[in-house]
Amino acid sequence: MQTDSTADAALVSARLRELPEFDPDPGLWHRIERARGRALRARRQRRGWIAGALAATLAGVAALPLMQPGQPSVDDATVWQQRSAVLESEWQALQRAPGDLRTRAELMMIDKALQSAYDRGADTTELAPLWKQRSEALRSLINTSDDHQAVAVTRI
Amino acid sequence: MNSGFGQELDALTLERARRGDGRAHAAIYARYARACYNLALRILGEPAAAEDVVQDVFLRMMDTIGGFRGDAPFGAWLKRMAANASIDVVRRNRRFGAEDPEAVFAATADGSIDREDAVDAWALLMSLSPRARAILVLHQLEGYTHKELADLFGQSESYSKSILARALKRLAGESH
């Protein structure tokens, strides 16, 4: 049985060595080159898209801190107004001493400017910086108040 | 003169091809395209399908030659790609036949070859299904082991042994 299969294999191998050889179509290499060119162009395009998407993502990530509630954008009057209200509550809760007189005076001037702006029907581009200044003045008053310093010392 | 995968590739052409030199790629094609085409044609039996395999192999070669470390001769590396690509076509495409060894031979009945055709090696080979041809050609002509064939087909070694034994018996019977 083994001899039969070995003989079959030898016979068939001899026949297979007689197999003719053919040449591929002469234009095949040009088709391959064109396909290669298309593939490379598509790859470059994909890389461009990926780089663009990556750049957009990085820009978005870089801009994120500007959109955080703690650092509202300059032209967002509503955000600064809300922040100002929160700080005012915080300052009033701490207030036992009058605090820094110069800053209190600054706060009063800002309030007056805000009232004037609202009376004139000013838009957010004018209101937002005033609300921002008011928040900063309140933050300064909170930081310099006696209670806040006492809390800070206790925390240390 | 050796016109098959056994031809050597000089180090300079190989290095240029690794760097993406188009002329080096063309030189490699000129040297090995015929071997690739004939291997695919013997397995698939269709010139258009064989040319698709050659295109696939050379596109892949140009993409991956940078990673070719030279552990094996370049021709052997390319032959493996051509065999893989041809068998992928056989496995993917239903018209190239079923997996089951019985079905592989059921489609082509014994004694289907005319006596005149029996002297023609090509007609003999084409009397088998693509799957049986792949195993026969790769084992008998290209020196693949049953282990390698089993890996290529995703089957057991007994699968390729069974198909090879039946193919040999069949063709030997037709050749007498």
Side-chain angles (χ1 to χ4, degrees), chain A residues 1-68 71 73, chain B residues 3-4 20 22 25-30 32-42 47-48 50-63 118-126 128 133 136-143 161 164-176:
Chain A
M1 190 71 183
Q2 179 63 39
T3 311
D4 283 352
S5 62
T6 307
D8 286 349
L11 178 64
V12 171
S13 290
R15 297 303 310 275
L16 290 177
R17 279 193 286 276
E18 297 168 7
L19 280 170
E21 292 216 341
F22 301 94
D23 285 315
D25 185 308
L28 182 56
W29 175 243
H30 295 297
R31 294 209 297 273
I32 294 171
E33 280 185 313
R34 282 199 297 274
R36 169 83 170 160
R38 283 195 301 273
L40 290 177
R41 278 194 297 279
R43 208 171 293 169
R44 277 196 293 270
Q45 205 168 33
R46 274 199 302 276
R47 281 184 189 148
W49 288 337
I50 291 169
L54 193 62
T57 306
L58 288 174
V61 169
L64 262 181
L66 299 174
M67 293 185 256
Q68 296 301 309
Q71 290 179 301
S73 59
Chain B
S3 61
H25 292 160
I28 291 173
Y29 177 85
Y32 295 101
R34 194 169 197 242
C36 276
Y37 179 69
N38 280 289
L39 177 59
L41 187 61
R42 286 169 182 178
E51 285 184 359
D52 286 347
V53 165
V54 174
Q55 176 165 328
D56 185 33
V57 166
F58 279 88
L59 286 174
R60 204 173 298 174
M61 180 276 289
M62 287 185 270
D63 276 345
V119 296
D120 181 345
W122 184 258
L124 271 177
L125 183 65
M126 291 302 127
L128 298 173
R133 286 201 300 263
L136 183 73
V137 167
L138 291 175
H139 189 273
Q140 297 299 115
L141 289 181
E142 304 295 345
K161 282 179 184 170
L164 179 68
R166 294 183 67 165
L168 287 171
K169 191 175 176 189
R170 167 94 178 269
L171 293 194
E174 300 285 359
S175 297
H176 284 302

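Only a predicted model underlies this, so the values are computations on that prediction, with no experimental measurement involved. Residue numbering restarts at 1 for every chain, and letters A, B, ... go by the order of the sequence lines.
Taking both residues in full, the closest heavy atoms of A/Phe22 and B/Tyr37 are given as O-CD2, 3.6 Å, listed atom of the first, atom of the second, then distance. When all heavy atoms of A/Pro24 and B/Tyr29 are compared, the closest pair comes out as CG-OH, 4.1 Å. The two atoms that bring B/Leu168 and A/Asp8 nearest to each other are O-CB, 4.0 Å, heavy atoms only.
In this structure, B/Glu51 contributes its side chain and A/Asp25 its backbone to a donor-acceptor pair below 3.5 Å.
Neither the backbone nor the side chain of B/His139 comes within contact range of chain A, judged by heavy atoms closer than 4.5 Å. In this structure, the portions of B/Ala26 lying under 4.5 Å from any heavy atom of chain A include both its backbone and its side chain.
Within the 4.5 Å cutoff, the side chain of B/Met62 has heavy atoms near those of the A/Ile32 side chain.
Evaluation of the side-chain hydrogen bond (donor to acceptor under 3.5 Å, both in side chains) rule for A/Trp29 yields A/Glu33 as partners, not counting sequence neighbours. Qualifying side-chain hydrogen bond (donor to acceptor under 3.5 Å, both in side chains) partners for B/Asp52, counting only residues two or more places apart in sequence or in other chains: none. With sequence neighbours left out, B/Glu142 forms a side-chain hydrogen bond (donor to acceptor under 3.5 Å, both in side chains) with B/Lys79.
Note that CG of B/Leu41 and CG of A/Asp23 are 11.0 Å apart. Values are rounded to the nearest 0.5 Å. Here B/Arg42 contributes atom CZ and A/Leu16 contributes atom CG; the two are 8.0 Å apart, rounded to the nearest 0.5 Å. To the nearest 0.5 Å, atom CD of residue A/Glu18 and atom CG of residue B/Asp120 are 9.0 Å apart.
Residues from residues 34-46 of chain A that place a non-hydrogen atom less than 4.5 Å from a non-hydrogen atom of chain B comprise A/Ala35, A/Arg36, A/Arg43, given in numerical order.
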Given the rule in the side-chain contact (heavy atoms from CB on, under 4.5 Å) test, do B/Leu171 and A/Arg15 qualify, once you have shown the distances and angles that lead to the verdict?
CA-CA 9 Å; B/Leu171 293 194; A/Arg15 297 303 310 275; over 6 Å; no
If you apply the rule side-chain contact (heavy atoms from CB on, under 4.5 Å), what do you find for A/Leu19 with B/Asn38, and how did you get there?
CA-CA 10 Å; A/Leu19 280 170; B/Asn38 280 289; over 6 Å; no
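Chain A forms more heavy-atom pairs under 4.5 Å with one residue of B/Leu141, B/Asp56, B/Leu125 than with any other, namely B/Leu141.
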